[in-house]
J.: 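Got a structure here, written out as structure tokens. Questions coming.
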Amino acid sequence: WRAIFSQVRASDTDLEKIGEASELLRDLSPLQVGTRGTWDGKGFVLLGRIKIGYPSGMWSEWYAMMDDGSEGWLAVAQGLYMMSFRVNIDPGMYGTGFVVGKQYLYEGMTYVAEDNREITYLASEGELPFIYKAGFTARSVDLRGPKGAFLNFLYGRDEVEAFLGRYAEYQDFNFQDLRSIDGWES
């Protein structure tokens with residue numbers, strides 16, 4: 001059997017049912033809603049997650065609320081960890097599309113387009129800063145810069161969103177309140 005959960009949107013005075021979603025199946029990640037960590041000297045808590053897929057794989061994007069009230073996203077894919085924050089960039093400055101392997105300049109740094117693919121939202125859990133829709137598709141473009149920097153463009157909602165961040169090692173986050181996994185030590 002598989003659990004079905006109601007998705008609700010809360011306002012100051014009401015709860016509104018906006019849809020239903022199936023239970024997100026557990027993976028081998030020790031991260032969970034409620035996990036705490038640090039990034040650049042600021043604490044954060046993971047409030048929700050989206051499982052994102054593409055034809056040859058999938059990854060998780062964790063919605064992180066920083067102690068100062070800012071919002072970030074922690075991506076976990078194939079053992080890589082990337083923390084990013086939304087930035088205001090006009091993607092039109094790069095023309096009509098990104099070409100994998102081509103270099104692009106942003107704020108004086110050179111980024112190389114590494115990935116340009118269609119993605120699908122597969123499942124979610126916890127709290128997200130937008131209304132989640134299973135099956136939502138978008139185009140995601142990843143660019144890598146020097147010293148682990150990366151830039152991502154997400155084309156698919158009413159606007160193009162851009163996220164700037166960098167890669168880090170698991171231990172750099174000082175995670176706490178992890179999910180227990182048999183045979184694994186944190």
Side-chain angles (χ1 to χ4, degrees), residues 1-5 7 18-33 35 46-64 71-87 89-104 106 110-146 148-170 173 179 181 184:
W1 67 273
R2 193 165 178 170
I4 302 292
F5 297 95
Q7 295 176 310
I18 56 173
E20 292 181 339
S22 63
E23 176 183 22
L24 180 64
L25 298 176
R26 289 191 172 209
D27 53 22
L28 289 177
S29 172
L31 302 180
Q32 64 183 346
V33 172
T35 292
L46 300 179
L47 297 179
R49 169 171 66 149
I50 304 170
K51 185 64 99 173
I52 299 172
Y54 59 100
S56 59
M58 65 181 76
W59 76 93
S60 290
E61 294 270 352
W62 290 92
Y63 173 52
E71 300 173 336
W73 288 92
L74 174 62
V76 181
Q78 300 173 353
L80 300 174
Y81 291 80
M82 301 147 277
M83 181 66 90
S84 66
F85 300 88
R86 189 170 178 172
V87 291
I89 299 175
D90 175 12
M93 65 193 252
Y94 297 108
T96 58
F98 290 91
V99 177
V100 172
K102 187 174 176 185
Q103 294 183 350
Y104 298 88
Y106 174 69
T110 300
Y111 289 80
V112 177
E114 289 192 325
D115 194 43
N116 184 341
R117 69 178 65 202
E118 185 171 292
I119 61 168
T120 303
Y121 286 5
L122 302 175
S124 73
E125 68 176 317
E127 179 182 332
L128 297 172
F130 57 86
I131 297 173
Y132 167 83
K133 301 266 188 207
F136 169 81
T137 60
R139 176 143 303 274
S140 178
V141 179
D142 292 329
L143 299 96
R144 189 184 289 243
F150 78 92
L151 183 58
N152 169 267
F153 290 93
L154 184 65
Y155 298 82
R157 292 195 185 93
D158 296 335
E159 61 186 331
V160 178
E161 297 174 279
F163 300 88
L164 183 64
R166 71 177 189 277
Y167 290 86
E169 299 293 327
Y170 173 87
F173 292 97
R179 181 168 63 93
I181 299 174
W184 191 81

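In this chain, numbering begins with 1 at the start of the sequence shown.
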J.: CD/E61 to CZ/F163 distance, rounded to the nearest 0.5 angstrom?
T.: 8.0 Å
J.: List the atom of G126, the atom of V33, and the distance in Å for their closest heavy-atom pair.
T.: CA-CG2, 4.1 Å
J.: So, S140 versus N152: side-chain donor-acceptor pair below 3.5 Å or not?
T.: yes
J.: Kindly assign one of parallel, tilted or perpendicular to the pair Y121 and Y132, based on the angle between their ring planes and the thresholds 30° and 60°.
T.: parallel
J.: Please report the interatomic distance CD(E125) to CG(L47), rounded to the nearest 0.5 Å.
T.: 11.5 Å
J.: Flag this pair as yes if the NZ/CZ of R144 is under 6.0 angstrom from the six-membered ring centre of Y167 and inside a 45 degree cone about the axis; otherwise no.
T.: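 Yes, cation above the ring, under 6.0 Å and within 45°.
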J.: Y155 versus F98: any side-chain heavy-atom pair under 4.5 Å?
T.: yes
J.: Which atoms form the tightest heavy-atom contact between L122 and I52, and what is the distance?
T.: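 In terms of heavy atoms, the two residues are closest at CD1-C, 4.0 Å.
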J.: Would R86 and E161 pass as an ion pair if we require N to O under 4.0 Å?
T.: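 Looking at R86 and E161, the cut-off is met.
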J.: Output the distance between atom CE (M58) and atom OG1 (T120), rounded to the nearest 0.5 Å.
T.: 11.0 Å
J.: Quick check: closest heavy atoms across V76 and W62, and the distance to 0.1 Å?
T.: CG2-CD1, 4.1 Å
J.: Using the side chain to side chain donor-acceptor pair (under 3.5 Å) rule, collect all pairs that involve residues 72-84, keeping only residues at least two apart or in two chains.
T.: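 As it turns out, there is no side chain to side chain donor-acceptor pair (under 3.5 Å) pair with a partner in residues 72-84 once direct neighbours are skipped.
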J.: Which atom names give the shortest non-hydrogen contact between L46 and A64, and what distance separates them?
T.: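 Closest pair (atom of L46, atom of A64, distance): CD2-CB, 4.0 Å.
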J.: Once rounded to the nearest 0.5 Å, what's the spacing between atom CG of L31 and atom CG of L74?
T.: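 Output value for this atom pair is 6.5 Å.
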J.: With distance as the sole test, does Y104 use its side chain to make a donor-acceptor pair with the main-chain N or O of V99 at under 3.5 Å?
T.: yes
J.: Just verifying a value: how many Å separate S124 OG and R49 CZ, rounded to the nearest 0.5 Å?
T.: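 Separation between the atoms: 9.5 Å.
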J.: Could you report the tightest heavy-atom contact between E71 and Y63, atom names first, then the distance?
T.: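 Here E71 and Y63 meet closest at OE2-OH, 2.6 Å.
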J.: Dump the intermediate steps for side chain to side chain contact (heavy atoms under 4.5 Å, CB included) on N116 and R139, then the final yes or no.
T.: CA-CA 7 Å; N116 184 341; R139 176 143 303 274; 2.8 Å; yes
J.: Does the side chain of F173 come within less than 4.5 Å of M83's, by heavy atoms?
T.: yes
J.: If you take all heavy atoms of W59 and A77, which pair is closest and at what distance?
T.: CB-CB, 3.5 Å
J.: Would you say the side chain of L164 lies within less than 4.5 Å of the side chain of Y111, judging by non-hydrogen atoms?
T.: yes
